[in-house]
Amino acid sequence: MDIESFQTDLIDWFEMEMRDLPWRKDQDPYKVWVSEIMLQQTRVDTVIPYFTRFLEKFPSIEVLAKADEDQVLKAWEGLGYYSRVRNLQSAVKEVHEKYAGQVPDDPNEIASLKGVGPYTAGAILSIAYGKPEPAVDGNVMRVLSRILLIWDDIAKPSTRKIFETAVRGLISHEKPSYFNQALMELGALICTPTSPSCLLCPVRDHCQAFEAGVQNELPVKTKKKKQRLVEMVVAVVKDKQNRILIRKRPESGLLANLWEFPSAEIVLGYRSEKEQFVDHFHETYQVNLSLGDMVGRIEHVFSHLIWNIHVFKGELHGDIQEGPGLKLVKAEELEEYAFPVSHQKIIKQYLGV
DNA sequence: GAGTCGTGGAA
DNA sequence: TTTCCAAGACT
């Protein structure tokens, strides 16, 4: 492989064809950082409006460092993988305090920031600082597995290192930012997972998989096992003043620190789901409530599990102690809180709007 | 190394 | 309808 002509063909194509994306307007390390966190496991089209709004609300490291976490989560509502933004704010606080607000350009320092793994570190170092560091994501592994005919299973974490080594040998030292972005852009636009557009590919002449006619066999990727089913009861509980009870989820684990309607995981074919929920509610809040009939059912699919949500309406009997993680709010005030999409569905279907 | 952690779109 | 994701990181 002629590395120089590969770099030239790839980068020339990128300079002609790169998409006009909001995070490509400049190379501000903070903006690059935010975009890379948002883009983790998330489509470009999904990220665009979130990125624009997020930077309007939190235009600088200082603003984000000082922002209220509930407001930050609200800006992330619907994007998923919510620990990303809590880690981002945590790391931004560290940069604000420890590095005087300047995103470090040292590989070890930047990789030590919360939420910044090998890919994101390389992306920031190359895109914002022009350093020839590999930024190996799913696109890069797919593209290079074809070009270099690499048959290792890209689902295995250890495989990423093989591609990092490959990139170190291929990356342009003149334009490392464009080189890394070009590999990803190629994966997104041309060298797609199924039916790659090889006839339009700018580096077709360098591609060993195309030469051998095996581009559809690569990359090798073992499939993940399917989700486990979880039965849930969620209750929209109102007090005598028609206020709705919401609570903040635990600070770790699934949907951490988001708000929700009181919920409980239940076991089918045991006591009635209504009975299980009322008992759980009393143990949790020391308050009685009555549940009506089930008003609906919602299935919500996560990466690793499926919630089968049984939706009930309930009435509070007695006073409940509000606190930082437990509130009674009017229906119009619900929009001020960040809810998971599963509970947004409940709001839409059973509370109107 | 394998499981956890979201969502909406495409094949 | 089902499957597989899409610019991963953390435990």
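Lettering of chains follows the sequences in order, A, B, ..., and the numbering in each one begins at 1.
- Rounded to the nearest Å, the gap between the C1' atom of B:dG1 and that of C:dG8 is 16 Å.
- Within the 4.0 angstrom heavy-atom criterion, no nucleotide atom of any strand lies near A:Arg86.
- Applying the salt bridge (charged side-chain N to carboxylate O under 4.0 Å, His left out) test to every pair with at least one member in residues 25-53 of chain A, sequence neighbours left out, gives these pairs: A:Asp26-A:Lys31.
- One interatomic measurement links the two molecules: CH2 of A:Trp76 to P of C:dA9, which rounds to 13 Å at whole-angstrom precision.
- Nucleic acid contact class of A:Lys224 (heavy atoms, under 4.0 Å, all strands): base.
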For nucleotides 1-11 of chain B, read 5' to 3', which letter fits each nucleotide if B means a protein heavy atom sits under 4.0 Å from the base, S means only the sugar-phosphate is that close, and - means neither? S-SSBBBB---

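- Applying a 4.0 Å cut-off to non-hydrogen atoms, the residues of residues 115-130 of chain A that approach DNA chain C are A:Gly115, A:Val116, A:Gly117, A:Pro118, A:Tyr119, A:Thr120, listed by residue number.
- Identified under the salt bridge (charged side-chain N to carboxylate O under 4.0 Å, His left out) test for residues 190-202 of chain A, with sequence neighbours left out: none.
- A:Phe179 meets the ring pair (Phe, Tyr, Trp, His ring centres under 6.0 Å) test with no other residue; sequence neighbours excluded.
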Using a 3.5 Å cut-off and no angle test, enumerate the donor-acceptor pairs between side-chain atoms of residues 90-108 of chain A and protein atoms at least two apart in sequence or in another chain.
unit_1   : atom_1 : unit_2   : atom_2 : d
A:Ser90  : OG     : A:Lys114 : NZ     : 3.4
A:Asp106 : OD2    : A:Asn108 : N      : 3.1
A:Asp106 : OD2    : A:Glu109 : N      : 3.0

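- Taking the centre of each ring, A:His300 and A:Phe302 come in below the 6.0 Å mark.
- Here the separation of B:dG6 from C:dC5, taken at their C1' atoms, is 13 Å to the nearest Å.
- Hydrophobic cluster membership for A:Leu229: A:Val301, A:Ile306 (Ile, Leu, Val, Met, Phe, Trp, Tyr linked by side-chain heavy atoms under 4.5 Å, directly or transitively).
- Distance check on atom C1': B:dC5 versus C:dA6 gives 15 Å, rounded to whole Å.
- Counting only residues at least two apart or on different chains, the side-chain hydrogen bond (donor to acceptor under 3.5 Å, both in side chains) pairs with a member in residues 190-207 of chain A are A:Asp9-A:His206.
- A:Lys114 has its NZ atom 13 Å from the C1' atom of C:dA9, to the nearest Å.
- For DNA chain C, the residues of residues 18-28 of chain A within the heavy-atom distance limit of 4.0 Å (strictly under) are A:Arg19, A:Leu21, A:Trp23, A:Arg24, sorted by number.
- Ring geometry, A:Tyr337 versus A:Phe339: the interplanar angle exceeds 60°, so the pair is classed perpendicular (tilted spans 30 to 60°).
- Across the protein-nucleic acid pair, A:Asp45 atom CG and C:dA6 atom C1' stand 11 Å apart, rounded to whole Å.
- Atoms NZ (A:Lys226) and C1' (C:dT1) sit 14 Å apart, rounded to a whole Å.
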For residues 322-333 of chain A, which side-chain donor-acceptor pairs fall under 3.5 Å, sequence neighbours excluded?
unit_1   : atom_1 : unit_2   : atom_2 : d
A:Glu322 : OE1    : A:Leu328 : N      : 3.0
A:Glu333 : OE1    : A:Lys330 : N      : 3.0

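- Within the structure, salt bridge (charged side-chain N to carboxylate O under 4.0 Å, His left out) pairs that include any residue of residues 262-274 of chain A comprise A:Arg271-A:Asp279, A:Lys274-A:Asp293 (at least two apart or interchain).
- Within the structure, the side-chain hydrogen bond (donor to acceptor under 3.5 Å, both in side chains) test picks out the following pairs touching residues 11-20 of chain A (sequence neighbours left out): A:Glu15-A:Lys175, A:Arg19-A:Glu185.
- Between the P atoms of B:dG8 and C:dA9, the separation comes to 23 Å (whole Å).
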